[in-house]
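Below is one structure, written out as structure tokens; the observations come after it.
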Amino acid sequence: MVKKIALEEHFLCPEFIDYWNPTVAGMPAAKRENLLNRNTDFGEMRLASMDAAGISRAVLGLAGPGVQQESDVATAIRNAKSGNDFLAKEIQKRPDRYSGFAHLPMQDAKAAANELERCVKDLKFCGAMINGHTLGQYLDHPSLEPFWERANALNTLIYIHPTDPVSAAPVLEGHPGLRRATWEWTFETGSHALRLIFAGVFDRFPKARVGLGHMGETLPYLLWRFDSRTGPEFYDVGLKKPVSHYIKTNIEITTSGMCSAEPLNCAIAALGADRIMFGADYPFEKAEEAGHWLDTEKIDEAVRTDIAYKNAERLLGLKA
Ligand code: ZN
């Protein structure tokens, strides 16, 4: 078993359970209960699952949506802070096994920037996880320039986690099986990342780094098409570089929720193996399955260890 650092690992603390409840509303009660128990446990259950998957270190991020769905700005700022302090305390109990991503109140760019800096510098978190849009506002919104300025200066990873869209796309109507993780979240989250590129965020802040799960939310598969349709011949979007440049330079991806060779090989070919990190998406996916998959997939051994932990050590400053 190769040792691993896992990046998209979730937790909940008491004051965030109400934000989270609607995301599991349709599930059978036993499944909901199981997810809640696993999200709120930092001991035996979580560590046993990590051990079974060969995960030596988990980077914990708050299970969504958190304050991304909080309509009162002062409450969002206060809750994000207390959630981060809660996580820091849990990490202190097991610094050998846990690291953290900050949870940020994106309703207020300056408060989010300050909290990001506090979490990275004081709490030693290795970036932030933002649960998609904040009450319908995406991360390319002009009011968030001060946030990107700080993220650029800190050169720290801003991981965009999937969330439900503001409203369902008409094309999904009548097919509930296509909603959420099947397809809807991929389109929502991939589009969110593309908004940052097309808004020129990475032209203005070239050291800004965005993380995407699920093997890059299909973006690695589409590089050629993005470039071919956004040059002067079709629709000049006014960027300094081709769209693929930003996907290859400013975006880092994880394998979360994707235990399959085809998208992995595409991502390696499109982005390079040095920008891909391991993620299990505990407790929403089976960590053991993800670990076993990476241990046994037919890839070069050096590539396997890069993805398993070496890239995370280098890119996030962690120790496996
Ligand atoms: Zn997740």
Side-chain angles (χ1 to χ4, degrees), residues 4-13 16-17 19-27 31-32 34-42 45-46 49-50 53 55 57-69 83 87 98-104 106 125-134 139 157-165 179-193 210-219 251-260 263-264 267 276-291 293-294 307 312 316:
K4 301 170 190 75
I5 296 176
L7 260 69
E8 201 190 295
E9 318 312 312
H10 298 291
F11 77 96
L12 277 169
C13 47
F16 284 87
I17 293 170
Y19 294 123
W20 177 76
N21 274 332
T23 69
V24 290
M27 272 180 204
K31 175 82 178 160
R32 273 200 323 258
N34 181 276
L35 286 175
L36 181 62
N37 289 341
R38 288 179 177 276
N39 266 312
T40 50
D41 162 71
F42 297 84
M45 227 185 328
R46 186 183 293 269
S49 168
M50 287 168 63
I55 298 169
R57 178 175 296 282
V59 183
L60 304 177
L62 189 89
V67 301
Q68 259 72 79
Q69 281 297 320
L87 177 59
Y98 298 140
S99 295
F101 277 137
H103 183 57
L104 300 176
M106 300 312 298
F125 287 3
C126 53
M129 177 175 280
I130 298 177
N131 293 310
H133 64 82
T134 297
L139 291 169
L157 190 69
I158 307 297
Y159 197 110
I160 306 180
H161 191 273
T163 194
D164 288 336
R179 301 289 307 271
R180 303 197 134 171
T182 317
W183 174 240
E184 185 179 43
W185 286 346
T186 299
F187 171 73
E188 168 79 9
T189 313
S191 301
H192 196 165
V210 163
L212 290 177
H214 315 99
M215 220 69 93
E217 310 288 4
T218 71
L219 301 192
I251 291 181
E252 293 153 32
I253 70 169
T254 73
T255 62
S256 68
M258 288 280 262
C259 305
S260 162
L264 174 66
I276 306 170
M277 293 175 273
F278 178 73
D281 206 359
Y282 178 91
F284 302 105
E285 304 276 351
K286 297 178 191 82
E288 203 171 345
E289 182 183 17
W293 166 69
L294 187 60
I307 293 172
L316 302 178

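Treat the numbers as computed from the prediction; the structure is a model and nothing was measured. Start at 1 and go down the list; that is how both ligands and their atoms are numbered.
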**Request:** Apply the test ring pair (Phe, Tyr, Trp, His ring centres under 6.0 Å) to residues His10 and Phe284: give CA-CA distance (whole Å), side-chain angles for both, the deciding distance (0.1 Å), then the verdict.
**Result:** CA-CA 8 Å; His10 298 291; Phe284 302 105; 5.3 Å; yes

**Asked** Does Arg46 use its side chain to pair, donor to acceptor, with the backbone of Asn39 at less than 3.5 Å?
**Response** yes

**Asked** So with a 6.0 Å cut-off around CZ of Phe187, is the heavy-atom count from everything else above 12?
**Response** no

**Message:** Report the atom name of the nearest N/O/S atom of Asp281 relative to the Zn ion (ligand 1).
**Reply:** OD1

**Message:** Taking N, O or S atoms only and a limit of 2.8 Å, check whether Glu285 reaches the Zn ion (ligand 1).
**Reply:** no

**Request:** Write the atom name of the N, O or S atom in Glu8 that is nearest the Zn ion (ligand 1).
**Result:** OE2

**Prompt:** Should Phe278 and Leu294 count as side-chain neighbours, where that means a heavy-atom distance under 4.5 Å?
**Reply:** yes

